[in-house]
Amino acid sequence: QKEVEQDPGPLSVPEGAIVSLNCTYSNSAFQYFMWYRQYSRKGPELLMYTYSSGNKEDGRFTAQVDKSSKYISLFIRDSQPSDSATYLCAMSGGAQKLVFGQGTRLTINP
Amino acid sequence: DAEITQSPRHKITETGRQVTLACHQTWNHNNMFWYRQDLGHGLRLIHYSYGVHDTNKGEVSDGYSVSRSNTEDLPLTLESAASSQTSVYFCASSARESSNEQFFGPGTRLTVL
């Protein structure tokens, strides 16, 4: 079983919809949680970074961490075609070594 | 602007050849990382370095080596390329103070025939 599980999709939604992306994990030592966005044939770019449990909002993006359930989520409000990308969750126990999910491919249809 | 670059962007090589992929960052970051990305596996850590002359093995280090002679560069060497090493390789760096915030390069697509 992988330390971090993420549904690879693909996920396709209409423009303007709220998107929910999720990851589960098994290692209770993870304290740092990140979401990366990766456009086709590009490197991942850091989108959201949270420490421990709770919510963090940045514009249309909200990251949630529930350590008791070992579950993290990324919500995208008012989704745009430019949000079409692969979204990767990543987490760390503090030793700087990130463990990534498989990535979810998202398409926003105009 | 500071950045992280990788070269070459595409490489085709033959089984058994030695290949070196370059990674250069201008952020003056202490930490540098090499990952490979494959379908069904996401990003997996190959090697990493916390500073000059420091190198460490990651999850999938067999067949790869790195050396860190300065802050800016962390070249990745495939000693004897194998078809299983066909992949997209990403270099990343992070500052000592915010080590989990890693910034990625554009990637190198390597094909081993």
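Note on naming: letters A, B, ... go to the chains in the order of the sequence lines (proteins, then strands), and numbering restarts at 1 for each one.
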Indicate, with yes or no, if [Y] and [X] share a hydrophobic cluster defined by side-chain heavy-atom contacts under 4.5 Å among Ile, Leu, Val, Met, Phe, Trp and Tyr.
| X | Y | result |
| --- | --- | --- |
| V19(B) | W34(B) | yes |
| M48(A) | M91(A) | yes |
| V66(B) | L78(B) | yes |
| L88(A) | V19(A) | no |
| Y32(A) | V99(A) | no |

Contacting region of [X] [heavy-atom separation from chain A under 4.5 Å]:
| X | value |
| --- | --- |
| L45(B) | side chain |
| R44(B) | neither |
| Q37(B) | side chain |

Looking at [X], I want to see if its [atom1] is surrounded by more than 12 non-hydrogen atoms of other residues, nucleotides or ligands under 6.0 Å.
| X | atom1 | answer |
| --- | --- | --- |
| L113(B) | CG | yes |
| K2(A) | NZ | yes |
| K42(A) | NZ | no |
| R17(B) | CZ | no |

Give the minimum heavy-atom separation between [X] and [Y], together with the two atoms involved.
| X | Y | result |
| --- | --- | --- |
| Q102(B) | L46(A) | O-CB, 4.5 Å |
| F104(B) | P44(A) | CB-O, 3.3 Å |
| Y36(A) | E101(B) | OH-C, 4.4 Å |

* Hey, does L98(A) have a side-chain heavy atom less than 4.5 Å from the side chain of Y35(B)? ->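 Yes, at least one pair of side-chain atoms sits under 4.5 Å.
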* For residues K97(A) and E59(B), determine if any side-chain heavy atom of one lies less than 4.5 Å from a side-chain heavy atom of the other. =>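 Of all side-chain heavy-atom pairs linking E59(B) with K97(A), none is under 4.5 Å.
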* Asked: Between atom CZ of R9(B) and atom CZ of R41(A), what is the distance when rounded to the nearest 0.5 Å?
  ->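 Going from the CZ atom of R9(B) to the CZ atom of R41(A) covers 10.0 Å.
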* **Interface moiety of Q6(A) toward chain B, non-hydrogen atoms closer than 4.5 Å** =>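 The answer is neither part of Q6(A).
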* **Within residues 101-108 of chain A, residues adjacent to chain B where the heavy-atom gap is under 4.5 Å** =>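 Hits under 4.5 Å: G101(A), Q102(A).
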